[in-house]
Amino acid sequence: MARKRLPLTPAEQERLDALLDAVIDTTVHHYGAAPRSPVRYDKREEMYGGTGTVYLLQMFEEEELVNNRIGAYMVLPTEKDSVGFHTHGDRNEQEVYVVMHGRGTYREKDHMKAEPRSYPLEKGTITTVRGDAFHAVRNAGDEPLIVFVITTFEP
C-alpha cells in the first residue's frame, strides 16, 4: 500500500489550482485568523493500491482542530484515478467524505475478504467509515471528483 506523499512541482500546483478554481473556492476562513489557502499540497501515486494520481489539499495545520487529523480536499482529476481499499483501524480513526464536485463510486466492506458494497457518488453525497472497515473511491466521470475528507480520532 503506497502511503508516500510527494511534493507537487510548481507547474502541477498551477494546473491543480486552475482546475479547482473553476469549480470550488478553497479559501479557509478559520476562526480568528485571516482567510488563507491550503497549508500543504500532497501528491499520492497509486494511493493505497489504487490507480493514477490523487491530490490532497491539507486545509489545516496539525493540532489546529480539536480531535481532527485531516481536513483536506481529495482530488481525483480523471476517471483513471482511484484510491484503493484501505482501513483506518490501525490508526483508531473514522472518516467522513463530502462530495463537492464530480461523480464517482464509493466502495466499502467489513473486512478485506468481504464482498464489497458500492454506492454512486455525486455532489452532496456523504459517506462515513469507522474502525476496521475498509473503503475505496474512484472517479467515474469526465470531470474531476473532488471530495472533502474529515478524519477524526475515535473515542
Side-chain angles (χ1 to χ4, degrees), residues 1-48 50-79 81-108 119 121-131 133-141 143-155:
M1 280 196 310
R3 286 190 179 179
K4 186 173 181 176
R5 294 177 176 94
L6 303 168
L8 277 69
T9 66
E12 284 177 308
Q13 185 169 333
E14 189 175 312
R15 280 194 311 274
L16 186 58
D17 284 340
L19 180 149
L20 292 168
D21 287 346
V23 293
I24 64 171
D25 178 2
T26 59
T27 304
V28 174
H29 300 273
H30 187 59
Y31 181 76
R36 66 163 191 247
S37 58
V39 297
R40 190 178 79 232
Y41 290 70
D42 294 325
K43 175 179 163 182
R44 303 277 299 269
E45 300 287 348
E46 300 176 348
M47 188 172 176
Y48 295 114
T51 58
T53 303
V54 175
Y55 297 96
L56 296 168
L57 282 70
Q58 304 296 336
M59 303 309 289
F60 302 98
E61 298 284 357
E62 255 183 65
E63 306 298 323
E64 198 168 31
L65 297 176
V66 175
N67 201 33
N68 183 60
R69 187 175 76 82
I70 293 176
Y73 284 102
M74 178 171 60
V75 182
L76 294 84
T78 72
E79 64 183 340
D81 302 312
S82 70
V83 176
F85 273 108
H86 63 286
T87 181
H88 295 270
D90 60 339
R91 295 188 302 262
N92 199 36
E93 297 171 341
Q94 52 189 341
E95 197 163 57
V96 178
Y97 286 0
V98 181
V99 179
M100 307 301 294
H101 181 81
R103 293 184 311 108
T105 303
Y106 178 80
R107 297 177 6 168
E108 65 181 21
Y119 306 98
L121 296 175
E122 61 184 28
K123 184 177 179 178
T125 303
I126 298 173
T127 68
T128 65
V129 68
R130 60 181 298 165
F134 285 78
H135 61 293
V137 64
R138 74 174 183 83
N139 184 334
E143 293 190 81
L145 176 61
I146 303 171
V147 180
F148 193 75
V149 180
I150 302 164
T151 304
T152 61
F153 296 108
E154 289 187 348

(request) Applying side chain to side chain contact (heavy atoms under 4.5 Å, CB included), name anything that partners Thr51, two or more places apart in sequence or on another chain. (result) Ser82

(request) Find out whether Leu57 and Leu16 are in side-chain contact, i.e. whether some heavy atom of one side chain is under 4.5 Å from a heavy atom of the other. (result) yes

(request) Write down the atom of Val129, the atom of Ala133, and the distance for their closest heavy-atom approach. (result) CG2-CB, 3.6 Å

(request) Write down the atom of Tyr48, the atom of Val83, and the distance for their closest heavy-atom approach. (result) CD1-CG1, 3.8 Å

(message) My understanding is that only residues two or more places apart in sequence, or in another chain, count here; which of them pass salt bridge (Lys or Arg N to Asp or Glu O under 4.0 Å) with Glu143?
(response) none

(request) Starting at CG of Leu76, measure out to CZ of Arg44 and round the result to the nearest 0.5 Å. (result) 11.5 Å

(request) Tell me, please, which residues at least two apart from Arg36 pass side chain to side chain donor-acceptor pair (under 3.5 Å). (result) Glu64

(request) For residues Val147 and Tyr97, report the shortest heavy-atom separation together with the two atoms involved. (result) CG1-CB, 3.5 Å

(message) Which heavy atom of Met100 sits nearest to which heavy atom of Lys123, and what is that distance?
(response) O-CG, 3.5 Å

(request) Quick one: list whatever passes side chain to side chain donor-acceptor pair (under 3.5 Å) with Thr78, sequence neighbours left out. (result) Asp81

(message) Nearest 0.5 angstrom please: Thr151 OG1 to Glu95 CD, how far?
(response) 3.5 Å

(message) The criterion is side chain to side chain contact (heavy atoms under 4.5 Å, CB included); which residues satisfy it with Thr125, sequence neighbours excluded?
(response) Val99, Leu121, Glu122, Thr127

(request) Using a 4.5 Å cut-off on heavy atoms from C-beta on, say whether the side chain of Met59 contacts that of Thr26. (result) yes

(request) Any chance you could measure Arg138, atom CZ, to Arg103, atom CZ, to the nearest 0.5 Å? (result) 9.0 Å

(request) Kindly write out the residues that satisfy side chain to side chain contact (heavy atoms under 4.5 Å, CB included) with Val23, not counting sequence neighbours, or none if the list is empty. (result) His101, Ile146

(message) So which atom in Val39 and which in Glu61 form the shortest heavy-atom distance, rounded to 0.1 Å?
(response) CG1-OE2, 3.6 Å

(message) Looking at every non-hydrogen atom in both residues, tell me the closest pair between Pro35 and His29 and how far apart they are.
(response) CG-ND1, 3.6 Å

(message) Could you tell me if the side chain of Leu20 sits less than 4.5 Å from the side chain of Tyr55, heavy atoms only?
(response) no

(message) Measuring only between side-chain heavy atoms, which start at C-beta, is Val137 closer than 4.5 Å to Leu145?
(response) yes

(message) Let me confirm one number: the NE2-NE2 distance from His86 to His135, rounded to the nearest 0.5 Å.
(response) 3.0 Å

(request) Would you please name every residue forming a side chain to side chain contact (heavy atoms under 4.5 Å, CB included) with Ala18, sequence neighbours left out? (result) none

(request) Using the test ring pair (Phe, Tyr, Trp, His ring centres under 6.0 Å), find all partners of Tyr41 that sit at least two apart in sequence or belong to another chain. (result) none

(request) Could you tell me which residues satisfy side chain to side chain donor-acceptor pair (under 3.5 Å) with Thr152, sequence neighbours excluded, listed by chain and number? (result) none

(message) Run the side chain to side chain donor-acceptor pair (under 3.5 Å) test against Gln58 and tell me which residues pass, sequence neighbours left out.
(response) Asp42

(request) Kindly state each residue pair satisfying salt bridge (charged side-chain N to carboxylate O under 4.0 Å, His left out) with at least one member in residues 17-35, sequence neighbours excluded. (result) none

(request) Measure the shortest side-chain to side-chain distance between Leu65 and His30 over non-hydrogen atoms and say whether it is less than 4.5 angstrom. (result) yes

(message) According to salt bridge (Lys or Arg N to Asp or Glu O under 4.0 Å), who are the partners of Glu93, at least two apart in sequence or on a separate chain?
(response) Arg69, Arg91

(message) Measuring from atom CD1 of Ile70 to atom CZ of Phe148, what distance do you get when rounded to the nearest 0.5 angstrom?
(response) 10.5 Å

